[in-house]
A.B. asks: 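Before I ask anything, here is the structure I am working with.
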Amino acid sequence: IRFLWHKSKNEPTVGIIRAFALPIRLYLAALILVSSSQEVGISIIVRQRFSEMTIIVGLVAVLLLLWRLLDVLTRFGEKELTRRGNMSGISILLFLRRAAKIALIVLGVITILGTFGFDVTTGIAALGIGGIALALGAQKTAENFVGSVTLIADQPIRVGDFCKVGSTVGTVEQIG
């Protein structure tokens with residue numbers, strides 16, 4: 001691609017191409033394994049296991065691709081926001097990146113467990129009920145989370161501000 005398309009050497013295109021490289025190699029290796037097992041004459045039971053593993057490797061490849069694209073796009077957005085001097089936008093972007101990565105991990109675990117044959121609907125319902133119990137038990141943590149979102153949205157303090165709170169003096173490096 002780099003030889004045929006001159007824009008592939010510029011940001012963020014080069015990052016996007018690099019993000020696709022490993023997942024494509026991973027998936028192609030799994031496909032070669034499955035197709036070669038069919039040509040060699042391995043029994044149907046073993047080939048079924050290879051097929052299941054190909055599905056799981058495909059899911060992992062897609063999740064890895066999404067993870068890497070998320071990193072590339074947020075890094076590019078972070079550079080643009082820094083260039084414009086929008087420090088509050090960087091805080092929001094970093095917060096959204098963390099939230100998206102957590103959601104991606106949860107989605108990946110649920111999908112892979114479903115592929116292995118586990119009943120994930122019961123687990124999701126249990127997580128919902130457990131989430132309510134956890135929210136009631138972790139009110140202080142939830143309060144801190146809401147406070148963090150308020151700091152990002154209202155911007156009374158920004159990354160790079162010099163602050164004094166009690167006897168602590170310093171520069172704000174991250175809000176989260």
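Side-chain atoms are counted along with the backbone in the values below, which use heavy atoms only and exclude waters and symmetry mates.
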A.B. asks: Would you name the heavy atoms of R97 and L70 that are closest together and state the gap between them?
C.D. replies: O-CD2, 4.0 Å
A.B. asks: Using the rule that Ile, Leu, Val, Met, Phe, Trp and Tyr join whenever any side-chain heavy atoms are under 4.5 Å apart, tell me whether I112 and L64 fall into a single cluster.
C.D. replies: no
A.B. asks: By the side-chain hydrogen bond (donor to acceptor under 3.5 Å, both in side chains) test, which pairs, at least two apart or in different chains, include something from residues 101-111?
C.D. replies: D71-K101
A.B. asks: For residues L93 and G77, report the shortest heavy-atom separation together with the two atoms involved.
C.D. replies: CD2-C, 3.7 Å
A.B. asks: Is it true that I56 and V109 fall in one hydrophobic cluster, defined by side-chain heavy atoms closer than 4.5 Å?
C.D. replies: yes
A.B. asks: Side-chain heavy atoms nearer than 4.5 Å, only ILVMFWY residues, links allowed to pass through others: does that put L26 and L31 together?
C.D. replies: no
A.B. asks: Out of curiosity, T74 OG1 to L81 CG, how far, rounded to the nearest 0.5 Å?
C.D. replies: 10.5 Å
A.B. asks: Starting from V106, can I reach L113 by hopping between I/L/V/M/F/W/Y residues whose side chains sit under 4.5 Å apart?
C.D. replies: yes
A.B. asks: Closest approach of A61 and P23, non-hydrogen atoms and distance?
C.D. replies: O-CB, 3.3 Å
A.B. asks: In this structure, would L22 and V62 fall into the same cluster of hydrophobic residues linked by side-chain contacts under 4.5 Å?
C.D. replies: no
A.B. asks: Looking at R75 and E78, is there a salt bridge between them, counting it only when a charged N and a carboxylate O are closer than 4.0 Å?
C.D. replies: no
A.B. asks: Measure the OG1-CD1 distance between T54 and I32 for me, rounded to the nearest 0.5 Å.
C.D. replies: 11.5 Å
A.B. asks: Nearest 0.5 Å please: distance from the CG atom of L65 over to the CZ atom of F20.
C.D. replies: 4.5 Å
A.B. asks: Which atom names give the shortest non-hydrogen contact between G114 and V120, and what distance separates them?
C.D. replies: N-CG1, 3.7 Å
A.B. asks: Under the side-chain contact (heavy atoms from CB on, under 4.5 Å) rule, what do V60 and Y27 come out as? Steps first, then yes or no, please.
C.D. replies: CA-CA 9 Å; V60 169; Y27 197 72; over 6 Å; no
A.B. asks: Drop me the distance from L66's CG to L73's CG, to the nearest 0.5 angstrom.
C.D. replies: 10.5 Å
A.B. asks: If you measure from OG1 on T115 to CG on L59, what distance do you get to the nearest 0.5 Å?
C.D. replies: 4.5 Å
A.B. asks: For the pair V172 and C163, evaluate side-chain contact (heavy atoms from CB on, under 4.5 Å) and give the outcome as yes or no after the intermediate values.
C.D. replies: CA-CA 7 Å; V172 177; C163 298; 3.8 Å; yes
